[in-house]
Amino acid sequence: MSEHDTDIEFDFFEDEPPTQETSRADRLIPRRGPRGPERPPRGPSTPTNLTPLLRLIGLIAFAILIVVLLVFWVKSCQSAGKEKTYKDYMGKVSQVAAASQQIGRGLSEALLAQGLKEAQVEQRITGLARQEQLDVERARQITPPGTLRDEHNALLQALQFRVSGLNGLASALAATSKTKDTTRAAGVLASQMQRLLASDVIYDDSFKAPATAELDRQGVTGTNSSGGPLVPDSNFLQSADLVTTTAMATVLSKIRGGSVTTPGTGGLRGTNLVSVKVLPQNVELSTTSPKTIIVRTNMTFEVTVQDSGDSQEANIPVTLTIQQPTKNIVKHANIGFINPGETKKVTFSGFPAVNFGVQATVKVEVTPVAGETKTDNNSADYPVIFSA
């Protein structure tokens, strides 16, 4: 081997570049730049699946609130609608009941009016029966709430009894017009009047009382849609005395042109005030000396009135007024029917607060009847002192 060859071999090994493995290793070593400020350590993070759960719970709570409010609103609407239904029904019944009661007053006026003949009375009663039949038809057109169907049927029955009683009374007048036995004829008339009395009993016991109880159970209070009492009243007969044979005999004697006067009285007409008592103390008031009245919740004034004339009288208004330093208290009542010489009692109760310890005046007035000439005994003033 020459010297030249040896040089070539060494030149080859000395000039060989770094191996590939070395340069790759260099590339795999990361180069770090200059360090920045260190970050503070993080706290524990909220799990990412908790947020949707909270949202779901919130939505459920909101939905429950909406349902609860909706239930309360529906119940409120149902309660208001139920109350309106009952009050509207009673408002319609009130109109029929008032019209029927007015027909009852017309009957009393026809039987007790002065100067009417038997045929005229019969004609008037026939007309009243037709009017009452219209009330029956009006009542049939009223749709009652479901819980008052039985009571509504009782209302119809009461009105139908009034129609049949009026028709029966008119027929009885015609049938007995030639009967000379007044007592026997009066008995026939009184039997027809019993139907009218029965109508009042049916109305009170089978309509008014159970209807009032049902409205109380339903929580309905106040007045009806017509502005009157929630369950209206309807008294067809102004006085139960008209149902008796004695009363009807007097009616027949009058309308047939017979004498209905008491001998020696001169045919006077009128009433007079007999007495005024305070119950339950049973203290009779005086027009000359003050009476002390112990006020109780059931304090009642009882006024006694007498028919001092010779004729039957009907629909006599009686007024009681407590005159006191602040505000007067006024009460009204009515005597439906009274025979000659008979006395009737009317009562006044339900008084608001009165003035204690000062003198007041209880004034009672009985309205004069038609044709009454002596009226100085129809009213009186009674001094009183109310005490607790």
Side-chain angles (χ1 to χ4, degrees), residues 90 94 98 101 200 204-205 208-209 211-213 215-216 219-224 227-235 238-241 270-308 313-338 342-369 375-388:
M90 284 301 174
S94 179
Q101 183 167 284
D200 286 347
D204 289 339
D205 293 354
K208 184 180 179 181
T212 301
L215 292 183
D216 287 342
V220 180
T221 59
T223 59
N224 61 49
L230 189 57
V231 182
D233 203 356
S234 183
N235 297 313
Q238 303 304 297
S239 173
D241 292 341
T271 58
N272 68 283
L273 177 61
V274 177
S275 65
V276 178
K277 289 184 178 180
V278 182
L279 305 176
Q281 292 176 258
N282 200 33
V283 174
E284 184 170 345
L285 301 185
S286 169
T287 58
T288 56
S289 59
K291 296 287 185 178
T292 299
I293 301 173
I294 299 176
V295 178
R296 300 177 181 174
T297 55
N298 60 343
M299 180 179 70
T300 302
F301 288 85
E302 181 185 78
V303 177
T304 302
V305 179
Q306 181 183 35
D307 184 344
S308 55
E313 306 294 351
N315 301 324
I316 305 169
V318 181
T319 303
L320 183 145
T321 305
I322 298 179
Q323 299 174 340
Q324 52 187 1
T326 56
K327 182 180 180 181
N328 292 346
I329 301 172
V330 182
K331 295 281 186 177
H332 300 282
N334 189 75
I335 298 175
F337 174 85
I338 189 169
E342 186 182 12
T343 59
K344 286 289 183 72
K345 299 181 188 300
V346 292
T347 58
F348 302 86
S349 58
F351 292 91
V354 296
N355 295 161
F356 294 108
V358 296
Q359 183 167 311
T361 300
V362 176
K363 183 178 184 64
V364 178
E365 300 171 282
V366 182
T367 302
V369 300
T375 59
D376 58 350
N377 58 359
N378 282 41
S379 64
D381 294 343
Y382 304 92
V384 297
I385 299 175
F386 294 105
S387 172

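Scope of the values below: all heavy atoms of this structure, side chains included, with no hydrogens, waters or symmetry mates.
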Audit row: L285, V278, side chain to side chain contact (heavy atoms under 4.5 Å, CB included) steps and yes/no:
CA-CA 7 Å; L285 301 185; V278 182; 3.7 Å; yes
Run the numbers on I316 and V305 for side chain to side chain contact (heavy atoms under 4.5 Å, CB included), then give the verdict.
CA-CA 10 Å; I316 305 169; V305 179; 5.7 Å; no
Nearest atoms (heavy-atom pairs only) where P232 meets S94
CG-CA, 3.6 Å
Atom pair CG (N224) and CE (M90), whose distance is rounded to the nearest 0.5 Å:
8.5 Å
Mind running side chain to side chain contact (heavy atoms under 4.5 Å, CB included) on V330 and T319 for me, showing each step along the way?
CA-CA 7 Å; V330 182; T319 303; 3.9 Å; yes
Say whether, by atom type as modelled, one donor and one acceptor occur between the side chain of N378 and the main chain of N272 under 3.5 angstrom.
no
Minimum heavy-atom separation for S286 to P383, with atom names?
O-CD, 3.2 Å
Does some side-chain heavy atom of I293 sit less than 4.5 Å from a side-chain heavy atom of V283?
no
Rounded distance (nearest 0.5 Å) linking atom CG of D307 with atom CD1 of I335:
9.0 Å
K277 atom NZ: more than 12 heavy-atom contacts under 6.0 Å
no
Would you say T300's side chain and N298's backbone share a donor-acceptor pair under 3.5 angstrom?
yes
Closest heavy-atom contact between S379 and L273?
C-CD2, 4.1 Å
Work out which heavy atom in F356 is nearest to a heavy atom in A388; give both atom names and the distance.
CD2-N, 3.7 Å
Using modelled atom types only, decide if a donor and an acceptor are shared between the side chain of D381 and the backbone of K363 within a distance under 3.5 Å.
no
Interatomic distance, OH@Y382 vs OG@S275, rounded to 0.5 Å, equals 7.0 Å
Please give me the minimum heavy-atom distance between E313 and G270, naming the atom from each residue.
OE2-N, 4.3 Å
Would the distance check show the side chain of Q101 and the main-chain N or O of N235 forming a donor-acceptor pair, the cut-off being under 3.5 Å?
yes
Using side-chain contact (heavy atoms from CB on, under 4.5 Å) as the criterion, list what pairs up with D376, not counting sequence neighbours.
K374
Can you list, pair by pair, the side-chain donor-acceptor contacts under 3.5 Å of residues 342-355, counting residues two or more places apart and other chains?
{"unit_1": "E342", "atom_1": "OE1", "unit_2": "N339", "atom_2": "N", "d": "2.8"}
{"unit_1": "K344", "atom_1": "NZ", "unit_2": "D241", "atom_2": "OD2", "d": "2.6"}
{"unit_1": "K344", "atom_1": "NZ", "unit_2": "F337", "atom_2": "O", "d": "2.3"}
{"unit_1": "K345", "atom_1": "NZ", "unit_2": "T304", "atom_2": "OG1", "d": "3.2"}
{"unit_1": "N355", "atom_1": "OD1", "unit_2": "T326", "atom_2": "N", "d": "3.4"}
{"unit_1": "N355", "atom_1": "OD1", "unit_2": "T326", "atom_2": "OG1", "d": "3.0"}
{"unit_1": "N355", "atom_1": "ND2", "unit_2": "T326", "atom_2": "OG1", "d": "3.2"}

Measure the shortest side-chain to side-chain distance between P317 and H332 over non-hydrogen atoms and say whether it is less than 4.5 angstrom.
no
I329 vs Q324 side-chain heavy atoms within contact, under 4.5 Å:
yes
Should we say atom CD1 of I385 is surrounded by more than 12 heavy atoms from elsewhere, each under 6.0 Å from it?
yes
Could you tell me the separation between the CG atom of L230 and the NZ atom of K208, rounded to the nearest 0.5 Å?
11.0 Å
Which distance, rounded to the nearest 0.5 Å, do you find between the OG1 of T292 and the CD of Q281?
9.0 Å
L320 vs I322, test: side chain to side chain contact (heavy atoms under 4.5 Å, CB included). Steps then yes/no.
CA-CA 7 Å; L320 183 145; I322 298 179; 4.1 Å; yes
